[in-house]
Structures are given as C-alpha cells and as structure tokens.
Amino acid sequence: MDTIKFVGQTEIPVAKESDVVVVGGGLAGVAAAVAAAREGMTVTLIEKTIVLGGLATAGHVCIYLPIDDGNGHKVYGGLAEELLHVCIRYGPDNLPDAWRGASDAAPSEAGRYMTNFNIPAAVLALDELMEQEGVNVVFDTVFSEPILEGSTVKGIIVENKSGRTAYLGKMFIDASGDADLIYRAGAETETLRTIVSHWFHELDFGLMKQGMDEGSMLRAAPLRWLGLTPSGGAGDDQEALTCDGTTSEGVNEYIRLSRGLARDFLKKHQSPDYCMISLPFLPQMRMTRRLVGKDELHCDGEYTVDSSIGCVIASLDQPATVYEYPYEGLITDRLANVLAAGRMVSASGRGWAIMRFIPACVLTGEAAGTAAAQAIRDGCTLQEMDVKKLQRALEAKGVRLHRTKEMEGNVPAQPKRPAVPPAINRFCVHNDPGEVRTAGSGH
C-alpha cells in the first residue's frame with residue numbers, strides 16, 4: 001500500500017477521564033457499562049453509531065434468543081435476563097406468559113424464554129437505562145487506536161465531529177464485536193470470514209390482516225431474513241465463508257452483497273400490496289475477529305469450570321447443552337487492564353458461534369464490567385483478580401455460575417458440520433423460526 005506523509009496533530013486534547021471506558025455500545029457494551037456503573041464506577045461508553053444495541057437494533061437482529069435450556073430451566077439470569085425485559089418495556093413482544101414473572105422455571109410446553117422486540121422502542125429504553133445508571137454515552141464516535149504504556153492501556157484515541165480526541169481510563173472493555181481495541185493493542189487474535197445476512201421488516205396486506213386478526217403487531221409487520229451460506233443452510237459453517245469483516249474492503253463487499261440480496265428479493269416480490277419498511281444500518285457480521293485469551297469456551301464435554309463467570313448455551317438448540325464460561329476467556333496476559341466482552345471473547349469453533357448469541361454477549365459484558373470495577377477497587381491487574389470474589393459478586397446479581405442437576409441431562413453439543421463445497425444459496429425466514437422458505441417461493 002502506498003503511503004503519504006503529512007503534518008499531524010502533535011497534541012491530542014483529552015475529552016474525558018473515567019474509571020472504566022467501554023468501546024462499543026452493542027448489548028454486550030451496554031451490559032458492561034451498566035455493571036461497572038452499578039459498582040460505583042464512572043463510565044464512558046464510545047459508540048460509532050447513534051443508537052445503542054448494536055446488531056440487535058442498528059443491525060435489525062431484533063430477536064432476543066432463548067435464555068432457557070429448552071427443558072423449562074432458566075440458564076441466564078442477571079443482566080442477560082434484565083436486558084431482555086428492557087428491550088420489550090415499551091414495545092410489542094411475543095414472550096410466553098409463563099416467563100413474564102422472570103421465573104427460574106416454566107413447563108417445557110410453555111415455550112422458550114425468548115422474544116422479538118420493536119427496534120425503536122428498544123433503543124429508547126436502552127437510552128433511558130443508561131441515563132438512569134449515569135453512564136456517559138458518546139455517540140457518533142469511532143475508536144481509532146489505544147494509548148499504551150507497556151502492557152497497560154492509558155487511554156484511547158477517537159474520531160468524531162470534534163476531531164481527534166482522547167478518553168483516559170483505569171480499565172477498558174473491548175465490546176467492539178471485532179476486537180478492535182485488543183487487536184490494535186497487540187494482543188493475539190483470530191480472524192474468521194463471516195456469512196452474509198440481511199434482516200428487514202416488511203408489510204404485506206395479507207400478513208397485515210392476519211396480524212390484525214390475531215392481535216399481533218409483530219405478525220402484522222414481520223421480520224424477514226435473507227442470507228448466503230456455503231452449505232445451503234442457515235448455520236455457522238466454518239469453511240469458505242463470504243466476507244472478511246475486519247477490513248474496509250471486506251465490510252464494503254458485505255454491504256454490496258447484502259443490499260444485492262434485498263434488491264433481488266424486492267424485484268421478485270414487488271407489488272402494490274407489498275413494501276419493505278426497514279433497512280439495517282449496520283453490517284450483520286457474526287464472527288469476525290476474536291481474542292485468543294488465557295482460556296476459552298470448551299464444547300468437548302460436560303464439566304465444571306472452577307473460574308466460571310456464568311453458564312452459556314447454543315440458544316437455538318432444544319434442549320441445549322449448558323456450558324460454563326471461564327473468566328480467563330475475557331483476558332490476555334498481553335494487556336493488564338483490558339477485558340473482552342461480546343461475540344469476540346475467547347472461543348473457537350462451535351464455541352465462537354455460541355458466544356455470539358445475545359444472551360452470551362450480555363453475560364460476558366456484565367462479567368467484564370463487574371471485574372473492571374473490582375480490579376480498580378482492589379488495585380490489581382486483571383490477571384491478579386480474585387476470581388472467587390468476582391464470582392460471589394456475579395452470583396449476587398443473579399448470574400448462574402454452574403449447571404444445575406436438572407440441566408445435566410441435556411443432549412450433548414451437535415457434532416461439527418462436515419466440509420461442503422462453497423456453493424452459494426439464498427434463503428429467507430419470517431419471524432416464526434420454524435418457517436423457512438426459499439427466496440423464490442413467495443410470501
């Protein structure tokens with residue numbers, strides 16, 4: 001690549017100094033910020049868009065996937081459960097009645113502890129939550145690079161309408177989704193190509209009438225998914241995926257492909273009684289770049305993790321095997337005061353696919369925010385953390401650290417899918433997870 005010399009800014013103004021600085025305002029970043037603020041920390045959250053929620057809102061992936069194991073047992077508590085209810089506080093939802101009381105269990109026939117949610121309502125509720133918790137949210141601001149002093153990050157440099165400024169802190173949480181802070185600070189990461197998908201809401205007179213007859217706003221304006229996968233399925237195959245979400249070229253390729261899917265679909269379904277009514281404004285990347293931490297999620301058997309910061313599941317499996325996620329998956333020896341949160345925590349293979357689901361992202365965000373606050377109070381590095389003390393704090397917040405006896409009999413994890421030729425297929429899915437049609441099959 002060619003280079004160019006220019007006279008740069010020699011001094012960068014400091015915009016703010018906080019105890020904890022969070023990079024990324026997706027649901028993992030929201031959870032991290034709220035957890036740290038509730039521990040008495042001053043918190044600044046840097047978000048590149050103008051809304052909180054990340055892929056769940058700007059990316060239109062507005063389905064809060066199950067936080068139960070499919071056999072009627074709640075797996076996720078704490079903020080993973082709380083944020084589900086925040087997202088539906090002011091809008092329509094399809095949460096089963098049996099779970100409305102935030103119960104620990106419900107009859108398996110009652111349905112999964114999950115819900116669709118209205119994006120504008122969720123955004124406004126998340127804004128309100130951050131205001132109530134005293135989190136300083138800085139929108140429309142892009143993280144650029146860390147300010148390093150040995151193994152310690154002293155601050156971050158950002159770009160926004162005010163130009164180039166710095167935010168200083170004692171602890172930092174990378175919830176960027178792409179491990180941008182961790183990668184640029186020199187820690188070890190892994191990069192993976194990701195499938196292309198495109199979610200949007202649509203209006204169709206027939207579906208509107210059906211929704212009105214059923215009294216369901218979500219049925220009247222359903223959510224549709226279009227996607228490309230190498231296997232012809234809607235899964236997370238690891239071979240021959242489509243785009244690299246860690247480069248400008250890859251992101252732009254992703255946008256062109258996903259918009260092309262939407263345009264092709266619209267051409268085939270254009271009629272006076274049909275219209276698209278929303279468009280995602282964030283590329284819906286699944287797995288792009290993740291931390292290679294001191295440990296990672298292991299999916300090769302059922303066992304207890306001594307340093308568990310919470311239970312996780314592949315939310316779409318029913319029943320779902322329950323795993324325990326290690327604290328060491330949030331940190332690296334390379335950085336003394338940076339934690340990972342969200343889909344880019346340390347996990348490989350099937351584990352990476354599990355950790356990208358909303359409930360797992362929120363769990364790791366809550367753990368990261370709580371750990372950051374504890375390290376500040378105790379005057380220690382993240383590697384010196386008293387993990388047992390952290391676990392007690394998380395349990396007090398309602399986080400379930402270990403599998404219960406009732407969860408031990410769940411089916412084992414699905415085997416890894418076999419390699420397949422990289423043939424590209426097109427799919428679309430309505431908001432009913434069981435309804436799958438090819439793009440050419442009509443409404």
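Note that the structure is predicted; figures quoted are calculated from it, not measured. These values consider heavy atoms only, across backbone and side chains, with no hydrogens, waters or symmetry-generated copies.
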Determine whether a donor-acceptor pair (N or O, by modelled atom type, separation under 3.5 Å) exists between the side chain of [X] and the backbone of [Y].
| X | Y | value |
| --- | --- | --- |
| Gln374 | Leu390 | yes |
| Arg343 | Gly177 | yes |
| Thr194 | Arg286 | yes |
| Gln391 | Ser308 | yes |
| Gln284 | Gly59 | yes |
| Trp99 | Gly111 | yes |
| Tyr167 | Val22 | no |
| Thr332 | Leu335 | no |
| Asp174 | Leu181 | yes |
| Glu324 | Arg403 | yes |

Do the charged groups of [X] and [Y] touch, with an N to O distance under 4.0 Å?
| X | Y | answer |
| --- | --- | --- |
| Asp213 | Lys209 | yes |
| Arg350 | Asp317 | yes |
| Asp178 | Arg289 | no |

Pairwise distance [atom1]([X]) to [atom2]([Y]) - rounded to 0.5 angstrom:
| X | Y | atom1 | atom2 | value |
| --- | --- | --- | --- | --- |
| Met114 | Ile358 | CE | CD1 | 9.5 Å |
| Thr404 | Met407 | OG1 | CE | 4.0 Å |
| Leu27 | Leu126 | CG | CG | 6.0 Å |
| Met355 | Cys361 | CE | SG | 7.0 Å |
| Ile46 | Phe139 | CD1 | CZ | 11.0 Å |
| Lys268 | Leu266 | NZ | CG | 12.0 Å |

Sequence-distant partners of [X], side-chain contact (heavy atoms from CB on, under 4.5 Å), two or more places apart:
| X | result |
| --- | --- |
| Ala121 | Tyr90, Asn118 |
| Val251 | Ile255, Pro283, Met285 |
| Ala220 | none |
| Ser307 | Val305, Pro326, Tyr327, Glu328, Val387 |

Just to verify, what does [X] make a salt bridge (charged side-chain N to carboxylate O under 4.0 Å, His left out) with, not counting sequence neighbours?
| X | value |
| --- | --- |
| Glu82 | Arg38 |
| Arg377 | Glu39 |
| Arg290 | Glu190, Glu296 |

Can you name the nearest heavy-atom pair linking [X] to [Y], along with the distance?
| X | Y | value |
| --- | --- | --- |
| Ala98 | Ala106 | CB-CB, 3.8 Å |
| Ile119 | Cys62 | CG1-CB, 3.7 Å |
| Ala340 | Met344 | CB-CE, 3.8 Å |
| Leu297 | Ala347 | CB-CB, 4.0 Å |
| Ser197 | Ser258 | O-CB, 3.9 Å |
| Ile309 | Leu363 | O-CD1, 3.5 Å |

Problem set entry | Criterion side-chain hydrogen bond (donor to acceptor under 3.5 Å, both in side chains) against Tyr113, the qualifying member of Glu81, His73, Arg100, Lys74 | Glu81
Exercise. Does Tyr183 OH have over 12 foreign heavy atoms under 6.0 Å away?
Worked result: no
Exercise. Counting only heavy atoms not in Met212, do more than 12 fall under 6.0 Å of its CE?
Worked result: no
What residues, two or more places apart in sequence or in another chain, satisfy side-chain hydrogen bond (donor to acceptor under 3.5 Å, both in side chains) together with [X]?
| X | answer |
| --- | --- |
| Asp306 | none |
| Asp127 | none |
| Arg184 | none |
| Asp273 | Ser271 |

For this session: Just say parallel, tilted or perpendicular for the rings of Phe265 and His269, cut-offs at 30° and 60°.
Result: parallel
Exercise. Can you say whether the rings of Trp225 and Trp199 are parallel (under 30°), tilted (30 to 60°) or perpendicular (over 60°)?
Worked result: tilted
Seminar exercise, completed: For residues 52-64, the side chain to side chain donor-acceptor pair (under 3.5 Å) pairs (sequence neighbours left out) are His60-Ser278
For this session: Could you tell me whether the side chains of Thr42 and Asp19 share a donor-acceptor contact shorter than 3.5 Å?
Result: yes
